[in-house]
Amino acid sequence: MQQGDAASERTFIETARRAQIVAAAIDTIAEVGYARASLVRIASRIGISRGLISYHFAGKDELIKEVVHEVIEQGKAYMHPRMLAQSTGSGMLRAYIESNLAFMREHPNH
């Protein structure tokens with residue numbers, strides 16, 4: 001089964017739980033660093049068992065891939081409309097740089 005197929009078969013609850021785990025992983029990594037961000041530490045941040053993370057993700061590598069994907073998607077969603085609002089190439093480049101910096105300022109854990 002391809003990733004897109006698996007995502008389309010998830011229930012609302014499963015999707016919400018995965019999002020909660022990813023958000024906890026982002027905050028945990030920001031707080032203690034990648035090396036110390038164990039699944040146990042991530043789980044305890046949101047009051048769930050490590051086993052529940054293992055139910056939703058095959059392991060830390062898969063979770064981190066989802067973290068990276070989520071951060072990129074949030075950044076794109078934030079930056080893209082600001083860039084498209086510009087009519088010139090130089091305006092789009094300026095909007096890219098400014099919105100990238102603004103996203104990082106507003107989402108420091110990301």
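The residues of the chain are indexed from 1 along the displayed sequence.
The closest side-chain heavy-atom distance from I64 to Y34 is below 4.5 Å. Proximity of Q74 to H110: side-chain heavy atoms (C-beta onward) are separated by under 4.5 Å at one or more points. Within the 4.5 Å cutoff, the side chain of E31 has no heavy atoms near those of the D27 side chain.
T28 and R45 share a donor-acceptor pair across their side chains, judged by distance under 3.5 Å alone.
No single ILVMFWY cluster, assembled from side-chain heavy atoms under 4.5 Å apart, contains both I13 and L52. By the rule that hydrophobic residues join a cluster once side-chain heavy atoms approach within less than 4.5 Å of another member, M79 and M104 end up as members of one cluster.
Between I42 and A37, the closest heavy-atom pair is CD1-O, 3.9 Å. Annotation for A35 and K60: closest pair O-NZ, 4.1 Å, computed over non-hydrogen atoms. I21 approaches L63 most closely through the heavy-atom pair CG2-CD1, 3.8 Å. Counting all heavy atoms, side chain and backbone alike, F103 lies closest to V71 at CZ-O, 4.3 Å. Taking both residues in full, the closest heavy atoms of L39 and I53 are given as O-CD1, 3.4 Å, listed atom of the first, atom of the second, then distance. When all heavy atoms are compared, the tightest approach of G91 to Q86 is O-CG, 3.3 Å.
Ion pairing between a basic and an acidic side chain is recognised when a charged N comes within 4.0 Å of a carboxylate O; K76 and E73 show such pairing.
Surrounding NE2 of H107 are more than 12 heavy atoms belonging to other residues, nucleotides or ligands, all under 6.0 Å away. Residue Y78 places its OH atom among more than 12 non-hydrogen atoms of other residues, nucleotides or ligands, all under 6.0 Å distant.
Within the model, atoms OG of S49 and CD1 of I46 stand 9.5 Å from one another, a figure rounded to the nearest 0.5 Å. Atom CE in M83 sits 9.5 Å away from atom CG in N100 (nearest 0.5 Å). The CZ atom of R36 sits 13.0 Å away from atom CD1 of I29, with the distance rounded to the nearest 0.5 Å. In this structure, CZ on R18 lies 10.5 Å from CD on E70, to the nearest 0.5 angstrom. Atom CD of E62 sits about 11.5 Å away from atom NE2 of H56, to the nearest 0.5 Å. Between atom OH of residue Y55 and atom CD1 of residue I48 there is a gap of 12.5 Å, rounded to the nearest 0.5 Å.
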